[in-house]
Amino acid sequence: MKLRKLIHFAGLSSATFLIAATVRADVELLPYFAHATGSHPEAVTIGDFNNDGRNDVLLNTSTYFDPENDYKLKVFLQDENGNLRPPVSYAVDAEYTSQPKTIAAGDLNGDGLLDIAVGMDRSHIEIFLQYTDGTLFSADTIDTPLSTRIAVADLNGDGLDDIAGIGWGDDSVGVFYQEELGISHQAELHYAPHGGNDDLVLGDVNADGADDIVVMSGQTFADNLAVVASDGQGGFKSVAFYDLGGNELTNAVTIGDVDSDGLNDVAVTFGGNQPAASIAVFHQGNDGLLQQPQVLPSYDIPETIVTADINGNSTDDLLVLHGGSNKLGVYEQLEGGTLGRESLFGIPYASHYNPQGLDTGDINGDGIPDVVVADYNRGLVVLPGAETAEQEPPVADAGVDQSVSGNALVLLDGRGSSDSDGEIVGYHWTQTFGPSVSLNAAGDGTATFVAPDSPGENLLLQFQLEVEDSSGLASTDTVSVAVQGNLAPTADVEPVQTVTAGDQVILDGSSSHDPDGTIVEFHWRQLSGTAVDIESFPNGSATFVAPVFGGPLQQVRILEFELEVEDDDGLRSTATVFIFVQGLRSSVTSVRDQRPPTTF
């Protein structure tokens, strides 16, 4: 049993879309046109194949029972006017049981000219070298089953391009090193199991400055990626495995720095129809290992994927062909190293694409990247790139500041937001200040919440609206909501009264008031003094009869009353009043005054 380094992730991270906040250039691809190829094109690549300093297009064909076009290399050379000439065809050594499924370009004999390796499925690799006059010739054939998918790079740091290859669903990746007499026929094997429908890419994914080998397994094997990393000394480390988790099967793989951190990442396509259709990006960490994958939603059946600077901003973007549809998808890398939403461009319908059926490069001399597709229905499909105007960010409008009462239902309205060169596709409300409230967003730019109740205290709440437009740009705006705290009512009674015993007395609290509501209840009660019966009225007044008492000397008794008032929010306040009651003075004559007069 062979030991292996296994890195599994517990599950896929949720989709993440971070968005830029400044102006940027957007991708613009013109409507496609096609060059017929007769038989089915399989793989396509862009490069200078006649050494004139201009990019050309090369593809290989399998068969469609068309002897003139079956099993060919077809080179579309770019002329001095930026047009592709009719293709020059070269026969490849293939047949129905060993069809040419893969191609790779590189300097395969050290003469500084771009050469071609063609992989015949599970059979052999044929090498075409470039003459100095810009023509190609078949120079060598390597018999090997490691020919289903091939790629070219300098894999031992000697300055010479080598070939890496895999077969259909086996345990190894082979490296065919370039030697003094050309490419070696003996492969150096490295353990990298894969299950079929596989893909192979080369690039530095551990930040040691040397290219590594990434093998993608397309079926049956549990681990989606096998990474055979360079040891930095011309050799390779033991394989490391990475997996999406679950039973996900990947379709194609690419390498590029898609987060602008200076480290190459690995991206794969997987899933079928929406909502399962997805892109996963394994970002490279500072430890040289791939991290938990970031998953992005994609249009239906994402298949072939490549990394390229398609918008000319010197950062890597992702391009995806969608099988069973007529769409090419582009994920632009935005400022800050994030990927925007997928933009879709029309292409002819095809049910399936070769993992090497897509490439980008300037093939018309205008300095703008173009896109080429190997399409079995239409042949070579070209989408010319075009210069575009800068995209303006949207304008966020969070609405006017508001002042509300506690417990009020508040509407935040961002429907006044706008975008001058697109449309707004996302609204996001967040609270940035004040006591936390529960926001209920409707998705149309509005959100509601219930204002907190804070008796006797005013509150300030602030909210931020972020809007995103169809180009992935965003802007923000804030709005304030002042919550007026409920103020207590004021109990107000008439001043001190002096009355006579037995009088009808009126207690008047009708001047009581509430500054931010209404008084809903008045309640009079006696606090001290001779008890009396109080009759209260809804307007805040009350009456009672002053107690009766008297004597030869006039006496005064003091009665104390309290008024309590309650407002419509349940707050209360009180006030007191004193009533002075003068007793009745007696009119009876004293005994001494009733004696008879004295006589003399």
Are Thr269 and Glu303 linked by a side-chain donor-acceptor pair shorter than 3.5 Å? no
Between Asp567 and Asp514 (side chain of the first, backbone of the second, donor and acceptor by atom type, cut-off under 3.5 Å), is there such a pair? no
Salt bridge (charged side-chain N to carboxylate O under 4.0 Å, His left out) pairs, two or more places apart, involving residues 351-376: none
Any donor-acceptor N/O pair, Thr446 side chain to Asp444 backbone, under 3.5 Å: no
Pairwise salt bridge (charged side-chain N to carboxylate O under 4.0 Å, His left out) hits with a residue in residues 403-420, at least two apart: Asp413-Arg415
Taking salt bridge (charged side-chain N to carboxylate O under 4.0 Å, His left out) as the test, write out the residues that go with Glu423, two or more places apart. none
Using only atom types and a distance under 3.5 Å, with no angle test, would you say the side chain of Glu468 pairs donor to acceptor with the backbone of Gly426? no
Return yes if some donor-acceptor pair links the side-chain N/O of Gln462 with the main-chain N/O of Val481 below 3.5 Å, else return no. no
Start with the C-alpha gap between Leu296 and Gln294, add the side-chain angles, then the distance that decides, and say whether side-chain contact (heavy atoms from CB on, under 4.5 Å) holds. CA-CA 7 Å; Leu296 310 178; Gln294 174 197 10; 3.5 Å; yes
Residues Gln484 and Ser405: side-chain donor-acceptor under 3.5 angstrom: no
Under 3.5 Å donor-acceptor, Asp300 side chain and Gln274 backbone: yes
Assess whether side-chain contact (heavy atoms from CB on, under 4.5 Å) is satisfied between Asp56 and Ile46, documenting all intermediate values. CA-CA 6 Å; Asp56 313 303; Ile46 291 174; over 6 Å; no
By ring pair (Phe, Tyr, Trp, His ring centres under 6.0 Å) - contacts of Tyr32 (at least two apart): none
Spatial distance of atom CG (Asp259) from atom CD (Gln333) [nearest 0.5 Å]: 6.5 Å
Step-by-step side-chain contact (heavy atoms from CB on, under 4.5 Å) determination, Ile279 to Val320: CA-CA 9 Å; Ile279 308 295; Val320 182; 3.8 Å; yes
Specify whether His322 and Tyr299 have parallel, tilted or perpendicular ring planes, treating 30° as the upper limit for parallel and 60° as the lower limit for perpendicular. perpendicular
Check: Asn311/Glu332 side-chain N/O donor and acceptor closer than 3.5 Å: yes
Roughly how far, to the nearest 0.5 Å, is CG of Leu289 from NE2 of His283? 15.0 Å
Can you name the one residue among Leu244, Asp265, Asp243, Val268 that meets side chain to side chain contact (heavy atoms under 4.5 Å, CB included) with Pro293? Leu244
Ignoring hydrogens and geometry, is there a side-chain-to-backbone donor-acceptor pair from Asp477 to Ala398 under 3.5 Å? yes
Any salt bridge (charged side-chain N to carboxylate O under 4.0 Å, His left out) involving residues 34-55? Give me the pairs, sequence neighbours left out, ordered by first then second residue. Glu42-Lys101, Asp52-Arg54
So, does Ser217 use its side chain to make a donor-acceptor pair with the main chain of Asp198 at under 3.5 Å? no
State whether the side chain of Asp204 and the backbone N or O of Gly209 hold a donor-acceptor pair below 3.5 Å, judged by distance alone. yes
Examine distances only and state if a side-chain atom of Asp199 and a backbone atom of Val253 form a donor-acceptor pair shorter than 3.5 Å. yes
Could you give the distance from OG (Ser260) to CG (Leu334), rounded to the nearest 0.5 Å? 9.5 Å
Without hydrogens or angle criteria, can the side chains of Thr307 and Thr254 be said to hold a donor-acceptor pair below 3.5 Å? yes
Determine whether a donor-acceptor pair (N or O, by modelled atom type, separation under 3.5 Å) exists between the side chain of Asn206 and the backbone of Ser230. yes
Only counting residues at least two apart or in another chain, list the ones meeting ring pair (Phe, Tyr, Trp, His ring centres under 6.0 Å) with Tyr349. none
Looking only at the side chains, is there a donor atom on one of Ser62 and Tyr376 sitting less than 3.5 Å from an acceptor on the other? no
